[in-house]
Amino acid sequence: MMDASKYSVGYFPAPGRHLKWVEKDHVEKAPAWCSVDLRDGNQSLVIPMSLEEKLKFYQLLVDVGFKEIEVGFPAASETEYEFLRTLIERDMIPQDVTVQVLAQCREHIIRKTFEACKGAPGAIIHIYNSVSKAQREQVFRKSKEEIRQIAVDGARLIKKLAAEYEGNFRFEYSPESFTGTEPEYALEVCNAVLDVLEPSADNNVIINLPVTVEMSLPHVYASQIEYMCENLKYREHVTVSIHPHNDRGTGVADTELALLAGADRVEGTLFGNGERTGNVDIITLAMNMYSHGVDPRLDFSDMPAIAKVYQECTRMRVYERTPYAGALVFAAFSGSHQDAIAKGMKWREEKNSKQWTVPYIPIDPTDINRTYDADVIRVNSQSGKGGIGYLLEQHYGYVLPPQMREHLSYLCKGVSDHEHRELKAGDVWEIFRRHYFNHDAPVSIADMHFSHWTGESSAEITFSRDGVETTLQAEGNGALDVISNALKAYTGADYKLREYTEHSIQGASSDSTAAAYIGLERENGAMSWGVGTDTDIIRASAHALLSAYNNMVAGD
């Protein structure tokens, strides 16, 4: 039985009012990005990546455009140590990329970390210790002063070793479990570390404020970040970094509000891989900015390829509803959604608009190497006429009249519902062809000869049924009227020709296939439809009329 009384608020709001971030409505520029896929992401895998898999993933991160990459905890294991040494010895670290290495504030770990970094063109030495109330009391059983001293001693050691080792080093400090720490105390510890590291124009220091465990609503974290930004010493020479996890499912919101509150840098992973519910998803963050017209300074233009490498290396799956990258995130099954999307695409084409405003689709799928036809319009038992018509037009060039699209949509939904499956464009085409296309039974036209005079036409038309041909003379206002009059005389049928449209097949040359669509209204008001194609528009219209008539006879 669930018992909410055992829980209480475990976080500490920032003192005073820190709400300047509320006045901003979107993130205006990209932060500095640091991938922690090879550390946080890798340590959370059931089967951690092999050396070759880590190298492949590292190259993906470089190709995407990350300039800071946390490559591991080299003092934690030989595998982590070997990976960093491999990057250095194979000269795999570009000059504009800085590797980051993690170390607890413990002397032997910090010393081995510096050993691992020998020869690196640049490295961020990232030290941390937990400062939260729960950890102080339950894990370390130390006072605030003792915990602060651990951080200060770690800072003194990395400063000392950086002077002894050859290399270009930057420093980062994280008060782990920041979200479970009294903000005034977290500030006290960070400022004590900064006093040791002495940030300057030539010595930018990173203070990383992690959501080690997500405890509060995102606006609480934003106010904590604003408080820290306003009160950290040496602020102009300090990069305020954030490292959100996703325990409450609001890691992206935490990050975006923290950026509004003054944070400069984000640590996260591709697709949000990480301990428990994961780290914040950098892809979602970057693409959210992109959808607001902000260059994220990361290249996700081939999302399927990125997802492929990620899945191969991590053995994790990109969930179908993962924002931007999932297989179904651009898919529209709902009939009303499909109709709006199809009309939006048409409007954009007619207006030659460069702005993306298509309903229901927040970004242009082609920007990340997805396609409209395969990804956007999907047909199942919930689909409607707009999407089905869109598929036929895009794949095969057929532009159906609205009422006919609706008729076809019910046929398609019936098949999908009966067979319990999604229909592909080829399935829609087969249903369309089978039900409407050039039907010549029971009645067909064997031959037609036309003559014209002012305002009217006449023709000699030969019909065929069950192998027996019959020739009739007919007159009318135009070729189609003549054929219809002849058909009525031949069959005795009573119908009204309510719909007629025609067009050349999209993309076809002027002397190639024409398509004609005809809708016949029966005595009971129901419509029967037919489609005809031919290189000659009169013959295409005749095929459409006979298809509609034959469907009417069949009761279709």
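If you read the sequence from its start, that first residue is 1, and numbering goes on from there.
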Which heavy atom of [X] sits nearest to which heavy atom of [Y], and what is that distance?
{"X": "Ser451", "Y": "Ser458", "value": "OG-OG, 2.5 Å"}
{"X": "Val266", "Y": "Pro31", "value": "CG2-CG, 3.8 Å"}
{"X": "Thr269", "Y": "Asn279", "value": "OG1-CB, 3.7 Å"}
{"X": "Asn273", "Y": "Ser44", "value": "OD1-OG, 3.5 Å"}
{"X": "Ala516", "Y": "Ala544", "value": "O-CB, 3.4 Å"}
{"X": "Ile483", "Y": "Met448", "value": "CD1-SD, 3.8 Å"}

Discussion item. To the closest 0.5 Å, what do you measure between CD1 (Ile242) and CG (Leu259)?
Written reply: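 It is 4.5 Å, given to the nearest 0.5 Å.
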Worksheet item: Got a second to check how far Asp536's CG is from Thr513's OG1, nearest 0.5 Å?
Response: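 Answer for the CG-OG1 pair, Asp536 versus Thr513, is 11.5 Å.
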Does [X] pair with [Y] as a salt bridge, N-O distance under 4.0 Å?
{"X": "Glu52", "Y": "Lys54", "value": "no"}
{"X": "Asp427", "Y": "Arg421", "value": "yes"}
{"X": "Arg315", "Y": "Glu312", "value": "no"}
{"X": "Asp494", "Y": "Lys488", "value": "no"}
{"X": "Glu350", "Y": "Arg348", "value": "no"}
{"X": "Arg433", "Y": "Glu430", "value": "yes"}
{"X": "Arg498", "Y": "Glu521", "value": "yes"}

Go through the side-chain N and O atoms of [X] and [Y] and say whether any donor and acceptor fall under 3.5 Å apart.
{"X": "Tyr549", "Y": "His439", "value": "no"}
{"X": "Asp37", "Y": "Tyr310", "value": "no"}
{"X": "His449", "Y": "Asp447", "value": "yes"}
{"X": "Gln100", "Y": "Glu68", "value": "no"}

Kindly say whether the aromatic ring centers of [X] and [Y] come within a distance under 6.0 Å.
{"X": "His503", "Y": "Tyr517", "result": "yes"}
{"X": "Phe437", "Y": "His543", "result": "no"}
{"X": "Tyr396", "Y": "Trp429", "result": "yes"}
{"X": "His243", "Y": "His245", "result": "yes"}

Item to complete: Examine distances only and state if a side-chain atom of Glu275 and a backbone atom of Asp40 form a donor-acceptor pair shorter than 3.5 Å.
Response: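 The answer is no, because no donor-acceptor pair under 3.5 Å joins these two groups.
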Item to complete: May I ask you to decide if Gly476's main-chain N or O and Asp481's side chain share a donor-acceptor pair within less than 3.5 Å?
Response: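 Checking the backbone N and O of Gly476 against the side chain of Asp481, no donor-acceptor pair under 3.5 Å is found.
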[Y] side chain reached by [X] side chain, heavy atoms, under 4.5 Å:
{"X": "Thr462", "Y": "Glu469", "answer": "yes"}
{"X": "Ile538", "Y": "Phe450", "answer": "yes"}
{"X": "Leu38", "Y": "Leu61", "answer": "yes"}
{"X": "Ile445", "Y": "Asp440", "answer": "no"}
{"X": "Met92", "Y": "Leu55", "answer": "yes"}
{"X": "Thr250", "Y": "Leu217", "answer": "no"}
{"X": "Val482", "Y": "Gln473", "answer": "no"}

Fill in: Audit row: Ser484, Tyr495, side-chain hydrogen bond (donor to acceptor under 3.5 Å, both in side chains) steps and yes/no
CA-CA 10 Å; Ser484 179; Tyr495 61 78; 2.8 Å; yes
Worksheet entry | Geometric class of the Trp21/His219 ring pair [parallel <30°, tilted 30-60°, perpendicular >60°] |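 Plane angle between 30° and 60°, so tilted.
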Worksheet item: Heavy-atom count around Lys308 NZ within 6.0 Å, excluding the residue itself: above 12?
Response: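 Result for NZ/Lys308: open.
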Fill in: Heavy atoms of other groups near Lys20 NZ, more than 12 under 6.0 Å
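Atom NZ in Lys20 is not crowded, with 12 or fewer foreign heavy atoms closer than 6.0 Å.
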Worksheet entry | Test log, rule side-chain hydrogen bond (donor to acceptor under 3.5 Å, both in side chains), inputs Glu256 and Asn288 | CA-CA 9 Å; Glu256 291 180 328; Asn288 282 356; 3.0 Å; yes
Worksheet item: Going through the distances and angles, do Tyr324 and Thr284 end up as a side-chain hydrogen bond (donor to acceptor under 3.5 Å, both in side chains)?
Response: CA-CA 7 Å; Tyr324 302 103; Thr284 299; over 6 Å; no
